[in-house]
Amino acid sequence: MKTGRRTVAVAALVGALGLSVLNVPTAQAADTGITVSDIVINNGKPIVVGTSKEVEPPISFNIALPSGYSTANPSRYDAYPFLYRGSIKTAADTGENFIGPGSYTCYEKDSKHARCEGNLFIDPHPSQEHVDSNSDATTWKVGVSLRLWKADGGLKTGELETRSTTAQLKRAAKATANASPEPVTKGKSITVTGKLTRANWSTKRYDAYSGCTVSLQFRAKGADTFKTVKKATTSSTGGLKATVTASVDGSYRWVYYGNSTTGVATSAADYVDVR
């Protein structure tokens, strides 16, 4: 349950900061005194992105303010985490290898502390630079943007900080399954075919994913869980094929458990009536 008065709600922080050390003149680029802690990205899980659908991984973090600033006046400060690759300054300046918040809301804990929750925003559309190369499927670093504002609205100071926290981006995968014949006589063979494909962030298509070990799973009619009955390796075209003996009614599916660059894929289940 969220507690405390809502102190700030920020929307559409999409794209680069567009700032060289937050566009602060050298004389003003200094320690803000803001502390951002307990950063959690996507509940600690990998972020899986396809070729067209926008992804909004949840984020949460805590803010502590310096002397002279209060959560009662959120227009005087802002602070939030973001993902980047390479140089933090280059990412913040250009937007290349940069993934920022879509929105977040902060809830006042007391006059100096707030708890913030929101989401990052990742758009694989070609017009964006969030994931425009398959090399983006890797470990991203976490940075923090910190800024203090004067009473008249002018920028007082700002800084970028690095964090030891990281986030893993992965390419989405898809699997299909088809079991035949349907229906089938008990004791006869059932052939289960399918295909495994993976998002290509460069072309914005799903391409065949070859050389992968994929599990064929079966769930008997009336059962609650699937169990692995065979494993197969995808062909050069991503194809899958396995043969099992028909015994009882039930559903078959293919499951790929992913790797360091690719997410998990589970096909729809195909039901077979055994007579």
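Under the 3.5 Å distance criterion, the side-chain polar atoms of Lys230 are matched with a main-chain donor or acceptor of Thr243. Between the side chain of Ser87 and the main chain of Lys89, a donor-acceptor pair closer than 3.5 Å is present. Checking side-chain atoms of Thr234 against main-chain N and O of Cys212 turns up a donor-acceptor pair under 3.5 Å. Proximity of a side-chain donor or acceptor of His130 to a complementary backbone N or O of Pro124 within less than 3.5 Å is not detected. When atom types are taken as modelled, the side chain of Trp254 and the backbone of Ala265 share no donor-acceptor pair closer than 3.5 angstrom. Although no hydrogens or angles enter the test, the distance criterion places no donor-acceptor pair under 3.5 Å between the side chain of Ser202 and the main chain of Ser133.
Applying the side chain to side chain donor-acceptor pair (under 3.5 Å) rule to Ser111 yields no partners; only residues at least two apart in sequence or on another chain are considered. The side chain to side chain contact (heavy atoms under 4.5 Å, CB included) test applied to Val264 returns Thr266, not counting sequence neighbours. Applying the salt bridge (Lys or Arg N to Asp or Glu O under 4.0 Å) test to Arg219 and every residue at least two apart in sequence or in another chain returns nothing. In terms of the ring pair (Phe, Tyr, Trp, His ring centres under 6.0 Å) criterion, Tyr206 has no residue partners (sequence neighbours excluded). Ser189 pairs by the side chain to side chain donor-acceptor pair (under 3.5 Å) definition with nothing, not counting sequence neighbours.
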ring-ring contact (aromatic ring centres under 6.0 Å, His included) evaluation trace for Tyr252 with Phe218
CA-CA 5 Å; Tyr252 293 89; Phe218 176 72; 4.6 Å; yes
Report the C-alpha separation of Thr262 and Asn259 in whole Å, then their side-chain angles, then the decisive distance to 0.1 Å, and conclude whether the side-chain hydrogen bond (donor to acceptor under 3.5 Å, both in side chains) test is met.
CA-CA 5 Å; Thr262 310; Asn259 57 31; 3.2 Å; yes
Could you check Phe82 against Phe98 for ring-ring contact (aromatic ring centres under 6.0 Å, His included), going step by step and ending with a plain yes or no?
CA-CA 7 Å; Phe82 58 88; Phe98 175 95; 5.0 Å; yes
Before you tell me yes or no, could you show the steps for Val214 and Val255 under side-chain contact (heavy atoms from CB on, under 4.5 Å), namely the whole-Å CA-CA distance, both residues' side-chain angles and the distance that decides it to 0.1 Å?
CA-CA 6 Å; Val214 185; Val255 178; 5.6 Å; no
Start with the C-alpha gap between Lys156 and Thr32, add the side-chain angles, then the distance that decides, and say whether side-chain contact (heavy atoms from CB on, under 4.5 Å) holds.
CA-CA 9 Å; Lys156 179 179 181 180; Thr32 61; over 6 Å; no
Before giving the answer on side-chain contact (heavy atoms from CB on, under 4.5 Å), spell out for Ile59 and Val40 the whole-Å C-alpha distance, their side-chain angles and the decisive distance to 0.1 Å.
CA-CA 6 Å; Ile59 57 173; Val40 179; over 6 Å; no
Quick one, Thr261 with Leu169, criterion side-chain contact (heavy atoms from CB on, under 4.5 Å). Give me CA distance, side-chain angles, the key distance, then yes/no.
CA-CA 7 Å; Thr261 63; Leu169 260 65; over 6 Å; no
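Applying the salt bridge (Lys or Arg N to Asp or Glu O under 4.0 Å) test to residues at least two apart or on different chains, the pairs with a partner in residues 162-179 are Glu161-Arg163. Within the structure, salt bridge (Lys or Arg N to Asp or Glu O under 4.0 Å) contacts touching residues 133-144 (residues at least two apart or in different chains) are Arg85-Asp136. Within the structure, side chain to side chain donor-acceptor pair (under 3.5 Å) pairs that include any residue of residues 35-45 comprise Asp38-Asn62 (at least two apart or interchain). Every pair passing salt bridge (Lys or Arg N to Asp or Glu O under 4.0 Å) that includes a residue from residues 252-275 is listed here, sequence neighbours excluded: Asp273-Arg275.
If you chain together ILVMFWY residues whose side-chain heavy atoms come under 4.5 Å of each other, Tyr271 ends up in a group of its own.
Taking the six-membered ring where tryptophan is involved, the planes of Tyr80 and Tyr104 are tilted, since the angle between them lies from 30° to 60°.
The two atoms that bring Leu160 and Ala92 nearest to each other are CD1-CB, 3.7 Å, heavy atoms only.
Tyr209 and Val192 end up in the same hydrophobic cluster when Ile, Leu, Val, Met, Phe, Trp and Tyr side chains are linked at under 4.5 Å. Residues Val272 and Val248 share a hydrophobic cluster, clusters being chains of Ile/Leu/Val/Met/Phe/Trp/Tyr side chains in contact below 4.5 Å. One hydrophobic cluster, built from ILVMFWY side chains closer than 4.5 Å, cannot hold both Tyr256 and Phe226; they sit in different ones.
A side-chain donor-acceptor contact under 3.5 Å links Trp149 and Asp78. Donor-acceptor pairing under 3.5 Å is lacking for the side chains of Ser60 and Glu117. A side-chain N or O of Asn119 and one of Ser103 form a donor-acceptor pair less than 3.5 Å apart.
For the pair Val142/Leu83, a side-chain contact is recorded, criterion being any heavy-atom separation below 4.5 Å from C-beta on. By the 4.5 Å heavy-atom criterion applied to side chains, Lys241 and Thr191 are counted as neighbours. The shortest distance between side-chain heavy atoms of Trp140 and Ile99 falls below 4.5 Å. Here the side chains of Val244 and Leu216 are in contact, with some heavy-atom distance below 4.5 Å.
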Using distance only, find each side-chain donor-acceptor pair of residues 46-54 under 3.5 Å and give its atom names and separation, not counting sequence neighbours.
none

Donor-acceptor contacts, no H, no angles, side chain residues 176-187, under 3.5 Å, sequence neighbours left out:
| residue | atom | partner | partner atom | Å |
| --- | --- | --- | --- | --- |
| Thr176 | OG1 | Lys195 | N | 3.0 |

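Under the 6.0 Å distance and 45° angle rule, Arg115 does not count as a cation-pi partner of Tyr107.
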